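Working notes for the structure below.
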Number of protein chains: 2
Amino acid sequence: MRRDIFQAIADPTRRGIITLIALQAMTPNAIAAHFDTTRQAVSKHLRILTECELVIQKQQGREIYYQLRLNKMKEIDKWLQQFRDMWEDRFNQLDDVLSTLKNKKK
Amino acid sequence: MRRDIFQAIADPTRRGIITLIALQAMTPNAIAAHFDTTRQAVSKHLRILTECELVIQKQQGREIYYQLRLNKMKEIDKWLQQFRDMWEDRFNQLDDVLSTLKNKKK
DNA sequence: TATATGTGCAACTTTTTGGTTTCGCAAATT
DNA sequence: AATTTGCGAAACCAAAAAGTTGCACATATA
């Protein structure tokens with residue numbers, strides 16, 4: 001089973017979960033209430049997110065709070081860095097302008 | 001068919017292609033030479049990348065050069081922005097330190 | 001003109017993924 | 001003690017994705 005952050009954030013529901021629990025830890029039931037799926041489906045997403053260490057669990061009685069590991073999110077940022085360097089120079093900005101003009105012609 | 005950047009970068013080969021053509025446009029054959037797959041498989045990846053506008057084609061005789069659209073890459077950066085704001089404050093950095101200590105105990 | 005090369009595309013197969021259902025377990029509540 | 005609640009996990013299913021093979025169609029080259 002392939003388990004990396006990029007595969008994890010490919011699913012829109014998982015991105016939703018990530019955004020949701022970024023602010024505060026939540027239980028599976030509470031998370032499921034925000035989406036149009038069952039608790040079990042959310043549970044499966046949380047498992048995937050846990051396996052690639054994007055999320056940590058905090059047991060509290062019979063409830064389990066899931067919290068985002070921001071540190072892991074940085075890895076996406078890290079990968080993006082190589083491109084961020086590029087899109088900041090003038091040459092590529094000019095290229096974008098040309099593409100836009102081309103599209104408008106159609 | 002779901003076609004968004006997040007699904008596009010989920011595949012490791014596609015991430016490889018993106019990095020490869022970021023510096024200079026390349027033909028499918030040239031790209032395929034860098035990976036352990038067939039030209040057709042690469043062609044399929046390029047189609048997906050084109051469909052979600054991460055890549056543009058430039059025909060030159062019978063060869064087709066594929067080039068990265070850096071502008072589209074910014075969308076990932078844009079999504080990441082909401083988290084970047086968070087991981088820069090002290091509270092979360094403290095949280096990371098605590099997690100690290102916890103892991104070392106095991 | 002005949003042949004080689006670079007390519008996209010469609011059909012097919014295999015693998016992966018996301019969801020549902022059902023179950024068991026432990027913690028709360030009655 | 002009996003019941004409810006919150007949860008993970010396994011088994012199963014449908015849909016999607018990734019790869020393979022074979023083809024057609026241009027553009028080069030002989």
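The basis for the numbers below is simple: all heavy atoms, side chains too, and nothing from hydrogens, waters or symmetry mates. Since the model is a prediction, treat every value here as computed from it, not as a measurement.
- Other residues, nucleotides and ligands contribute over 12 non-hydrogen atoms within 6.0 Å of the CG atom of A:Asp85.
- Between the CZ atom of B:Phe35 and the P atom of D:dA18 there is a distance of 15 Å, given to the nearest Å.
- A donor-acceptor contact under 3.5 Å is formed by the side chain of B:Arg62 with the base of C:dT5.
- A donor-acceptor contact closer than 3.5 angstrom is absent between the side chains of B:Gln81 and B:Asp77.
- Among the heavy atoms of the strands lying under 4.0 Å from B:Thr38 are primed sugar atoms or P, OP1, OP2 only; no base atom is included.
- At a threshold of 4.5 Å between side-chain heavy atoms, the hydrophobic network of Ile, Leu, Val, Met, Phe, Trp and Tyr places A:Ile56 and A:Ile48 in two separate groups.
- Atom NZ in B:Lys58 sits roughly 19 Å away from atom C1' in C:dG6 (whole-Å rounding).
- Backbone-only engagement by B:Glu63 is indicated by non-hydrogen atom pairs under 4.0 Å involving sugar-phosphate atoms exclusively.
- Distances were taken from every side-chain heavy atom of A:Ile64 (C-beta onward) to each of C:dT7, D:dA18, D:dC7; the shortest belongs to D:dC7.
- Considering only side-chain atoms of B:Ala41, the nucleotide from D:dG6, D:dT20, C:dG19 that sits closest is D:dT20.
- Within 3.5 Å, a donor on the side chain of B:Gln40 pairs with an acceptor on the base of D:dG22, or the reverse.
- Between the side chain of A:Lys44 and the base of D:dG8 there is no donor-acceptor pair of N/O atoms closer than 3.5 Å.
- Judged purely by distance below 3.5 Å, without hydrogens or angles, the side chains of A:Tyr65 and A:Glu63 pair a donor atom with an acceptor atom.
- When rounded to the nearest whole Å, the span between CZ of B:Arg47 and P of C:dA11 equals 11 Å.
- Scanning for salt bridge (charged side-chain N to carboxylate O under 4.0 Å, His left out) contacts around B:Lys72 gives B:Glu53, B:Glu75, with sequence neighbours left out.
- Side-chain to base pairing of A:Arg14 with C:dG18: no donor and acceptor N or O lie closer than 3.5 Å to each other.
- B:Asn29 has a side-chain polar atom (N or O) that falls below the 4.0 Å cut-off from OP1 or OP2 of C:dT7.
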- Message: Apply side-chain contact (heavy atoms from CB on, under 4.5 Å) to residues A:Arg39 and A:Ile31 and explain how you reach the verdict.
- Response: CA-CA 8 Å; A:Arg39 199 240 338 144; A:Ile31 294 168; over 6 Å; no
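- A:Gln57 has its CD atom 6 Å from the P atom of D:dG8, to the nearest Å.
- Between the P atom of C:dA28 and the CD atom of A:Gln59 lies a distance of 9 Å, rounded to the nearest Å.
- B:Gln60 has its CD atom 15 Å from the C1' atom of C:dT7, to the nearest Å.
- Note on B:His45: a side-chain N or O is less than 4.0 Å away from OP1 or OP2 of D:dG19.
- Contacts of A:Gln7 with the nucleic acid, taken as non-hydrogen atoms under 4.0 Å apart, involve only primed sugar atoms and P, OP1 or OP2.
- Remark: C1' of D:dA18 and CZ of A:Phe6 are 19 Å apart, rounded to the nearest angstrom.
- Comparing A:Thr37 and A:Gly61 by the nucleotide of DNA chain C whose heavy atom lies nearest to each, the residue mapping closer to the 5' end is A:Thr37.
- Taking only side-chain nitrogens and oxygens, A:Ser43 comes nearer than 4.0 Å to OP1 or OP2 of D:dG8.
- Atom CZ in A:Arg39 sits roughly 11 Å away from atom C1' in C:dC23 (whole-Å rounding).
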